[in-house]
Chemist: 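My questions will all concern the structure given below.
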Amino acid sequence: MESLINHIAVAGETLFQVKWEAKQIQFQETRKEFEGDTTLVVFPLAKVAGKNPEELGNALGAYLQENVDFVESFNVVKGFLNIRFSDHYWLTALEQMRSAESWGWATPNSKPRIMVEYSSPNTNKPLHLGHLRNNFLGYAVAELLKANGHTVTKVQIINDRGIHICKSMWAWKNLGNGETPQSSGMKGDKLVGKYYVEFDKTYKSQITDLMSQGKTKEEAESHAPCMMQAQDMLRAWEAGDEGVVNLWKTMNQWVYEGFNATYQKMGVDFDQLYFESQTYLKGRNEVMKGLENGVFFQKEDGSIWIDLTDEGLDQKALLRKDGTAMYITQDIGTAILRFEDYPDTVSQIYTVGNEQEYHFKVLFKVLKKLGWPQSEACHHLSYGMVELPEGKMKSREGTVVDADDLMEEMYNAAKEVSEEQGKLSGLEDQEKVEVYEKIGMAALKYFLLRVDPKKNMMFNPQESIDFNGNTGPFIQYGYVRTQAIKRKAAEVGIVISDKKTKTLHVSERELIKLLYQYPVILQSAAALYDPSVVANYAYEVVRQFNAFYQNCSILREEDEAARSLRLELCALTGDCVQRSMSILGVQMPDRM
RNA sequence: GAUUCCGUAGCUCAGUUGGAUAGAGCAACUGCCUUCUAAGCAGUCGGUCACAGGUUCGAAUCCUGUCGGGAUCACCA
């Protein structure tokens with residue numbers, strides 16, 4: 001490709017005595033209704049040369065065919081020069097891919113450390129569909145950066161402190177009768193979540209009572225006994241009250257056990273955990289330091305602020321007048337702690353919903369003003385909401401889709417379809433379970449990851465468990481085909497021989513072309529922090545493979561050289577698809 | 001109101017340095033299993049790229065405005 005650009009530049013000078021800039025030499029994919037492997041857009045060149053695009057295209061095509069060994073033929077349609085490369089060119093490309101360690105992937109840990117934060121749950125209720133999108137996205141971006149050579153640390157901030165957990169604590173203490181995950185048989189996060197809901201019910205009824213006694217809505221909301229007691233608990237917690245702290249520890253522990261079970265099913269992991277309870281004080285100290293250094297200012301009431309009006313933003317509070325930490329205070333503390341823990345970190349990626357965009361703009365500016373230049377490379381991986389056909393998820397209206405429930409549904413759907421197909425008859429029960437899990441999770445993850453992260457997306461339960469078409473199982477199925485061929489080849493003793501074929505079938509050619517793009521795909525996906533690029537690419541590869549599979553027989557091919565080529569193509573496709581999907585956190589079964 | 005993201009086929013989505021007749025899947029309809037797994041392949045049907053201007057050889061893509069939807073604009077998290 002490089003040499004093609006050079007040749008065109010030379011042709012410009014020798015044929016037309018003009019100098020073309022590199023950016024005027026534009027290539028694009030050849031539309032499939034025309035013949036060619038790449039297409040040169042002639043218009044910009046014609047403009048500079050003052051020639052008719054069609055004539056110029058023909059002259060240029062003839063020149064390239066004459067002077068470039070891998071240019072086999074050309075045709076000109078309007079102002080587009082379609083160039084066809086020789087089979088030899090593509091066979092060389094295939095050889096290059098085959099001899100690469102992991103074609104398309106950079107050397108592991110050859111680039112600086114990036115931290116990727118995702119999940120960031122509150123410890124008062126179970127994980128739901130929104131968390132699934134968050135976790136899958138964060139995990140995938142982390143893996144994508146790894147594939148591009150970065151050292152990656154996956155981190156989580158756990159919001160274990162604050163009024164929300166105190167609400168659950170209050171309800172459990174007053175209404176729980178000592179119930180535990182063991183005694184109730186409930187997952188810990190579900191149990192704690194149950195009491196959060198209980199609190200809300202009590203709170204509402206107390207508000208109603210107070211309002212019927214003549215209080216205004218605001219008064220009722222702030223004077224409801226349960227709320228005042230929950231706030232007492234928060235103060236007691238901050239003061240280190242032993243009873244409150246112990247209850248806090250116990251209930252959080254239940255939640256962590258529940259979360260860990262869910263994370264394991266989801267197939268996500270973390271290298272390092274950060275707890276708000278351990279960073280909010282540091283945040284306060286950092287803000288105080290900033291105040292001393294004159295980066296921030298204090299208002300008369302004692303609250304501390306930053307003035308970002310020169311950056312086009314507003315003034316923003318960083319610490320309350322009573323000196324307690326706010327949401328942003330603890331984020332400042334956490335970010336700085338991470339830079340201190342991992343001094344080689346060049347960037348932090350925050351996987352957090354798009355409703356926090358303003359928050360992160362402010363956070364990065366604050367960090368910069370506090371003297372952390374890494375903050376300029378920090379990125380808020382902002383993603384859109386997952387909507388349901390009946391509207392938004394609202395916990396109060398019971399329309400939240402629980403993560404555990406959904407994963408179980410996906411498993412059951414995968415099991416049902418698999419049993420219907422009856423292709424797993426030879427397997428042990430345990431092996432079958434693994435396959436069902438892989439299929440169910442593939443459907444779910446792919447469904448959530450194939451969409452551009454920044455867009456809101458629609459989650460339709462019926463469509464998500466469809467295993468046909470542009471879905472995770474479709475991709476798995478393509479992979480399974482490559483593995484089946486590999487197995488069969490070994491069984492009948494067919495091996496890849498040294499005999500090299502000279503000519504390519506159209507669908508072989510197209511498949512090689514697509515596989516050859518892999519490095520570029522990974523780089524652009526990483527540059528955009530967008531795993532959907534990889535998801536859609538994997539789909540294209542499998543589609544192309546299926547066409548190839550349909551058109552070319554592999555094991556039954558008589559010609560040894562052609563058979564070898566096809567086996568190689570199978571292996572390469574399987575590898576590419578498997579590694580692409582591993583970036584998305586999707587595992588591949590060997591059969592399905 | 002201000003800021004910001006979004007609006008592409010009946011539905012869900014691709015389409016990123018401006019390029020040819022705007023692409024997939026689902027849904028509906030046709031074909032293809034004695035041949036490597038039919039969770040597949042091939043095909044038909046389906047479009048005023050929200051709307052109106054502008055920039056130019058060329059606009060779904062860039063600019064301006066309008067309409068529609070989401071998010072944010074707290075000493076909440």
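Residue numbering restarts at 1 for every chain, and letters A, B, ... go by the order of the sequence lines. Just so you know, these numbers use all the heavy atoms, side chains as well, and skip hydrogens, waters and symmetry mates.
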Chemist: Can you find a heavy atom in the side chain of A:Gln330 that is under 4.5 Å from one in the side chain of A:Tyr327?
Modeler: yes
Chemist: When every nucleotide of nucleotides 15-24 of chain B is labelled 5' to 3' by its protein contacts under 4.0 Å (heavy atoms), B for base, S for sugar-phosphate only, - for none, what sequence of letters results?
Modeler: -B--BBS-SS
Chemist: Identify which one of A:Glu29, A:Glu33, A:Glu35 satisfies the salt bridge (charged side-chain N to carboxylate O under 4.0 Å, His left out) criterion when paired with A:Arg31.
Modeler: A:Glu33
Chemist: Please confirm whether the shortest side-chain N or O distance from A:Arg481 to OP1 or OP2 of B:A38 is below 4.0 Å.
Modeler: yes
Chemist: Before you tell me yes or no, could you show the steps for A:Lys488 and A:Glu491 under salt bridge (charged side-chain N to carboxylate O under 4.0 Å, His left out), namely the whole-Å CA-CA distance, both residues' side-chain angles and the distance that decides it to 0.1 Å?
Modeler: CA-CA 5 Å; A:Lys488 286 251 163 76; A:Glu491 275 169 27; 5.9 Å; no
Chemist: Does OP1 or OP2 of B:C36 have a side-chain N or O of A:Lys488 closer than 4.0 Å?
Modeler: no
Chemist: What does A:Met592 touch in the nucleic acid at a heavy-atom separation under 4.0 angstrom: a base, only the sugar-phosphate, or nothing?
Modeler: base
Chemist: Looking at A:Lys217 and A:Glu221, is any side-chain nitrogen of the basic one under 4.0 Å from a carboxylate oxygen of the acidic one?
Modeler: yes
Chemist: Which residue, A:Asp466 or A:Arg161, contacts RNA chain B at a nucleotide closer to its 5' end, judged by nearest heavy atom?
Modeler: A:Asp466
Chemist: Using side-chain hydrogen bond (donor to acceptor under 3.5 Å, both in side chains) as the criterion, list what pairs up with A:Tyr118, not counting sequence neighbours.
Modeler: none
Chemist: Quick one: which of A:Tyr529, A:Phe360, A:Phe364 gives a ring-ring contact (aromatic ring centres under 6.0 Å, His included) with A:His379?
Modeler: A:Tyr529
Chemist: Can a salt bridge be assigned to the pair A:Glu560 and A:Arg563 using a cut-off of 4.0 Å between side-chain N and carboxylate O?
Modeler: no
Chemist: What is the distance, rounded to the nearest whole Å, between atom CD of A:Glu463 and atom P of B:A27?
Modeler: 9 Å
Chemist: Please work out if A:Tyr358 contacts a base, only the sugar-phosphate, or nothing of the nucleic acid, heavy-atom cut-off 4.0 Å.
Modeler: sugar-phosphate
Chemist: Using the P atom as the reference point in each nucleotide, state the distance between B:A52 and B:C67 in Å, no decimals.
Modeler: 15 Å
Chemist: Does any donor atom in the side chain of A:Thr123 or A:Asn252 lie under 3.5 Å from an acceptor atom in the other side chain?
Modeler: yes
Chemist: Taking any heavy-atom pair under 4.0 Å as a contact, classify A:Lys321: base, sugar-phosphate, or nothing.
Modeler: base
Chemist: Scan residues 490-497 of chain A against RNA chain B and write down, sorted by residue number, each residue with any heavy atom closer than 4.0 Å; if none is found, say none.
Modeler: none
Chemist: Write down the distance separating the P atoms in B:C63 and B:U16, rounded off to the nearest Å.
Modeler: 15 Å
Chemist: Report, one line per pair, each donor and acceptor closer than 3.5 Å where one atom sits in a side chain of residues 431-452 of chain A; sequence neighbours left out.
Modeler:
{"unit_1": "A:Glu431", "atom_1": "OE1", "unit_2": "A:Glu428", "atom_2": "N", "d": "2.9"}
{"unit_1": "A:Lys445", "atom_1": "NZ", "unit_2": "A:Met266", "atom_2": "O", "d": "2.7"}
{"unit_1": "A:Lys445", "atom_1": "NZ", "unit_2": "A:Gly585", "atom_2": "O", "d": "2.7"}
{"unit_1": "A:Tyr446", "atom_1": "OH", "unit_2": "A:Asn470", "atom_2": "OD1", "d": "2.6"}
{"unit_1": "A:Tyr446", "atom_1": "OH", "unit_2": "A:Ala535", "atom_2": "O", "d": "3.2"}
{"unit_1": "A:Asp452", "atom_1": "OD1", "unit_2": "A:Lys454", "atom_2": "N", "d": "3.2"}
{"unit_1": "A:Asp452", "atom_1": "OD2", "unit_2": "A:Lys454", "atom_2": "NZ", "d": "3.3"}

Chemist: Roughly how many Å apart are B:A77 and B:G70, using the P atom of each and rounding to a whole number?
Modeler: 26 Å
Chemist: Using the glycosidic torsion, which applies to B:C33: syn (within 90° of 0) or anti (everything else)?
Modeler: syn
Chemist: When you check the gap from the basic side-chain N to the acidic O, do A:Lys282 and A:Glu286 get nearer than 4.0 Å?
Modeler: yes
Chemist: Kindly indicate whether the side chain of A:Cys570, heavy atoms from C-beta on, has any atom under 4.5 Å from the side chain of A:Ile554.
Modeler: yes
Chemist: Is there a ring-ring contact (aromatic ring centres under 6.0 Å, His included) between A:Phe545 and A:Tyr479 once you walk through the steps?
Modeler: CA-CA 9 Å; A:Phe545 175 78; A:Tyr479 175 78; 9.9 Å; no
Chemist: Can you check side-chain hydrogen bond (donor to acceptor under 3.5 Å, both in side chains) on A:Asn124 and A:Ser168, steps first, answer last?
Modeler: CA-CA 6 Å; A:Asn124 62 330; A:Ser168 291; 5.2 Å; no
Chemist: Round to the nearest Å and state the distance from A:Ile554 atom CD1 to B:C41 atom C1'.
Modeler: 14 Å
Chemist: Could you check whether A:Ala484 gets within reach of a base, just the sugar-phosphate, or nothing at all, counting any heavy atom under 4.0 Å?
Modeler: base
Chemist: Compare the minimum distances between each of B:A77, B:U4, B:A71 and the side chain of A:Gln356, then state the nucleotide with the smallest one.
Modeler: B:A77
Chemist: Could you check whether any side-chain heavy atom of A:Met458 comes within less than 4.5 Å of a side-chain heavy atom of A:Pro389, counting everything from C-beta outward?
Modeler: yes
Chemist: Please walk me through it: do A:His359 and A:Asp331 pass side-chain hydrogen bond (donor to acceptor under 3.5 Å, both in side chains)?
Modeler: CA-CA 10 Å; A:His359 170 79; A:Asp331 263 8; 2.8 Å; yes
Chemist: At 4.0 Å (heavy atoms only), tell me whether A:Gln476 reaches a base, stays on the sugar-phosphate, or touches nothing.
Modeler: nothing
Chemist: Separation of A:Asn354 atom CG from B:U3 atom P, in whole Å?
Modeler: 18 Å
Chemist: With a cut-off of less than 4.0 Å, is there a side-chain N or O of A:Asn546 near OP1 or OP2 of B:C41?
Modeler: yes
Chemist: Provide the distance between the two C1' atoms, one in B:G65 and one in B:A74, to the nearest whole Å.
Modeler: 33 Å
Chemist: Hey, which of A:Leu319, A:Val287, A:Val362, A:Ile306 is the one that makes side chain to side chain contact (heavy atoms under 4.5 Å, CB included) with A:Ile328?
Modeler: A:Val362
Chemist: Taking atom P in both B:C62 and B:G18, compute the distance separating them and give it to the nearest angstrom.
Modeler: 9 Å
Chemist: Under 4.0 Å, counting only non-hydrogen atoms across every strand here, what does A:Phe474 touch: a base, just sugar-phosphate, or nothing?
Modeler: sugar-phosphate
Chemist: Take atom CG of A:Leu313 and atom P of B:U72, then tell me their distance rounded to the nearest Å.
Modeler: 17 Å
Chemist: Which whole-number value in Å describes the distance from A:Glu276 CD to B:A77 P?
Modeler: 8 Å
Chemist: Mind pulling the stems RNA chain B is in, i.e. runs of at least three Watson-Crick or G-U pairs, everything under 3.5 Å?
Modeler: B:1-7 with B:67-73, B:10-13 with B:23-26, B:28-32 with B:40-44, B:50-54 with B:62-66
Chemist: Measure the acute angle between the ring planes of A:Phe199 and A:Trp170, then classify it against the limits of 30° and 60° as parallel, tilted or perpendicular.
Modeler: perpendicular
Chemist: Which part of the nucleic acid, if any, lies within contact of A:Ile439, taking any heavy atom under 4.0 Å across all strands shown: a base, the sugar-phosphate backbone alone, or nothing?
Modeler: base
Chemist: Could you measure between the two P atoms, the one in B:C41 and the one in B:U64, and give it in whole Å?
Modeler: 43 Å
Chemist: Which letters describe nucleotides 28-34 of chain B, given B = protein heavy atom under 4.0 Å from base, S = only from sugar-phosphate, - = neither?
Modeler: -------
Chemist: Using the P atom in both, what is the distance from B:U44 to B:A22, to the nearest Å?
Modeler: 15 Å
Chemist: Distance check needed: B:C5 P versus A:Leu381 CG, whole Å only.
Modeler: 16 Å
Chemist: Determine the interatomic distance between P on B:C5 and the same-named atom on B:A24; round to the nearest Å.
Modeler: 30 Å
Chemist: On the nucleotide B:G40, are OP1 or OP2 found under 4.0 Å from the side-chain N or O atoms that A:Asn468 carries?
Modeler: yes
Chemist: Specify the residue among A:Gly162 and A:Tyr549 whose closest nucleotide of RNA chain B lies further upstream toward the 5′ end.
Modeler: A:Tyr549
Chemist: A:Ile157 CD1 to B:A77 P: how many Å, rounded?
Modeler: 14 Å
